[in-house]
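Keep in mind that what you see is a predicted model, and the values were worked out from it rather than measured.
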Amino acid sequence: MTSESSTAERLARLSTDPVPRRAPSSSFVLAPGYGLGGIVDAILGAVDPSPPPDREDAGDAYWMRRALLAAMAAEGRASPNPTVGAVIVKDGVLIATGATEAYGQRHAERCAIDNVADRALLRGATIYTTLEPCAHWGKQPPCADLVASCGFARCVAGLRDPNPRVHGIGLDRVRAAGTEVRSGVLRNEILAWHLPYLFPYLLPPAGGRPLVSALAVAGDGAEPLLGWADGWEARDAGRRYRSWLRRKCDLVVTEPSLASVDPVAFARGPWRGVVWWDLGDRLAGMGVAEARELGVRGRELGAPVTLVCTPDRENSAQLDACLRAGIGHLAPPADADPASWLAAAGRNGALAAVTGAPPAWVLVDGHPRLAAALAAGLAVDAVHALHPADAPPTSGGAAPARPARPSADLSPVARVAASGALISEYYLEPLSSALDGTAW
């Protein structure tokens with residue numbers, strides 16, 4: 001679906017969704033198959049292999065999709081920078097791809113251009129990039145200057161960068177070199193991919209906290225129940241997408257339990273971190289030997305692991321066992337509101353100490369009590385929901401006292417059907433309204 005598709009057409013497509021839901025409070029809707037994790041179809045192995053279309057506007061959407069796929073394939077951890085994808089096309093033929101490398105290394109446009117041995121081939125070509133080329137010196141020189149110097153016929157960007165040091169400046173520099181410039185191709189879909197990077201510009205009053213999303217399950221036509229992950233593992237499509245979200249977010253937050261220790265999902269990249277948030281006194285309920293094993297297995301994940309809990313007499317021995325195993329510790333006040341504490345931890349660097357840099361995207365996985373508390377404090381922004389075609393979800397014995405339903409309005413923005421299950425994505429207020437109002 002191209003960026004020129006109307007909102008009405010997109011909502012008409014979503015109207016075929018058989019799962020009952022609240023009416024959207026925002027017109028921000030993604031083409032089917034897209035989500036916060038990029039192209040969900042690609043993750044589930046259902047990418048359309050059709051060749052590029054002949055029309056130029058449809059061709060721009062096709063090549064922007066290829067640029068997004070390049071970004072999705074990047075294993076380098078660019079956060080807190082955005083993971084941008086870029087492709088270079090000449091006479092309808094792909095000649096180079098690139099994606100942002102690990103933080104401090106090359107950006108996508110430079111990677112793609114460096115992959116062309118003969119720079120003369122770039123004259124008259126088109127470069128597609130998911131985000132406006134940067135226009136300022138940081139750890140790398142400005143990509144806009146490099147793009148402007150290559151003689152491209154066209155530069156097509158998915159979005160303009162809201163960073164004041166870039167916003168419009170990068171594209172203006174490219175245009176001044178005689179290159180035709182276009183932006184807004186697959187706009188909403190690229191917004192969703194870059195949402196962790198864009199979040200501070202969308203909701204600056206969020207107090208420095210990162211984007212927070214949560215897994216949910218909704219069975220038998222019910223609204224999503226935040227925090228449950230049992231149903232995701234029961235279906236291949238859900239298991240693959242859940243694993244993908246864990247790999248791409250900066251910080252996974254779950255309960256302290258042996259079931260949460262998953263080396264395959266967590267041991268990825270230098271920015272990865274795991275937080276065990278003991279909101280329901282799970283630590284106090286386990287034996288010291290179990291806590292010791294939890295700490296050892298957590299240390300073996302190959303990623304920083306931190307336990308968030310308030311020390312008291314009931315959990316002191318278990319906490320000591322975890323700390324002796326090398327697990328980090330953050331101690332919120334006993335009466336701390338989770339949403340407020342999360343925002344404060346983002347501001348004071350406590351979360352950055354876990355991941356090595358301020359996390360841009362936090363995923364709450366398998367923690368119903370915490371997801372409900374954060375949602376009540378308007379600190380959950382997106383919900384990834386699995387709608388199985390059979391029974392309602394079970395909590396695995398870890399349910400909060402009341403159903404963990406989000407209190408804010410849910411705006412359905414994305415869906416994909418696969419393997420007998422429907423995976424959908426919702427954005428909560430005020431994020432959905434902020435996205436609806438941006439002109440990037």
| task | Classify the side-chain pair D250/T355 by whether it contains a donor and acceptor separated by less than 3.5 Å. | result | no
| field | Minimal non-hydrogen separation, L422 against R415, with atom names | value | CD1-CB, 4.1 Å
| request: For the pair R119 and D114, find out whether any cationic side-chain nitrogen is under 4.0 Å from an anionic carboxylate oxygen. | output: yes
| field | Separation of L94 CG from I88 CD1 (nearest 0.5 Å) | value | 9.0 Å
| query | If you measure only the distance, is there a donor-acceptor pair under 3.5 Å linking the side chains of Y197 and N81? | reply | no
| Test item: side-chain donor near acceptor, Y103 and Q105, under 3.5 Å | no
| said: Distance check, rounded to the nearest 0.5 Å: L198 atom CG versus L203 atom CG? | reply: 11.0 Å
| said: Checking the side chain of E132 only, and the main-chain atoms of L171 only, is there a donor and an acceptor separated by less than 3.5 Å? | reply: yes
| request: Under the side chain to side chain contact (heavy atoms under 4.5 Å, CB included) rule, what do R187 and L191 come out as? Steps first, then yes or no, please. | output: CA-CA 6 Å; R187 173 187 175 275; L191 271 168; 3.7 Å; yes
| message | Between R110 and D145, does any side-chain N to carboxylate O distance fall below 4.0 Å? | response | no
| query | Which distance, rounded to the nearest 0.5 Å, do you find between the CD1 of I327 and the CG of L301? | reply | 7.5 Å
| query | Would a distance-only check, ignoring hydrogens and angles, find a side-chain to backbone donor-acceptor pair under 3.5 Å from E425 to H384? | reply | no
| request: May I ask you to decide whether E180 forms a salt bridge with R154, counting only side-chain N to carboxylate O separations under 4.0 Å? | output: yes
| request: Taking H367 for its side chain and W277 for its backbone only, find out whether a donor-acceptor pair lies under 3.5 Å. | output: yes
| message | Rounded to the nearest 0.5 Å, what separates atom CG in L245 from atom CH2 in W361? | response | 5.0 Å
| N/O donor-acceptor pair under 3.5 Å between K248 side chain and S243 backbone | no
| query | Just checking, is any N or O donor in the side chain of D41 or Y34 under 3.5 Å from an acceptor N or O on the other one? | reply | no
| So, does W232 use its side chain to make a donor-acceptor pair with the main chain of A216 at under 3.5 Å? | yes
| request: Pick out which of L431, V364, L211, L374 makes a side-chain contact (heavy atoms from CB on, under 4.5 Å) with V380. | output: L374
| remark: Value for CH2 (W63) from OG1 (T126), rounded to nearest 0.5 Å, stands at 10.5 Å
| Would a distance-only check, ignoring hydrogens and angles, find a side-chain to backbone donor-acceptor pair under 3.5 Å from K90 to L121? | yes
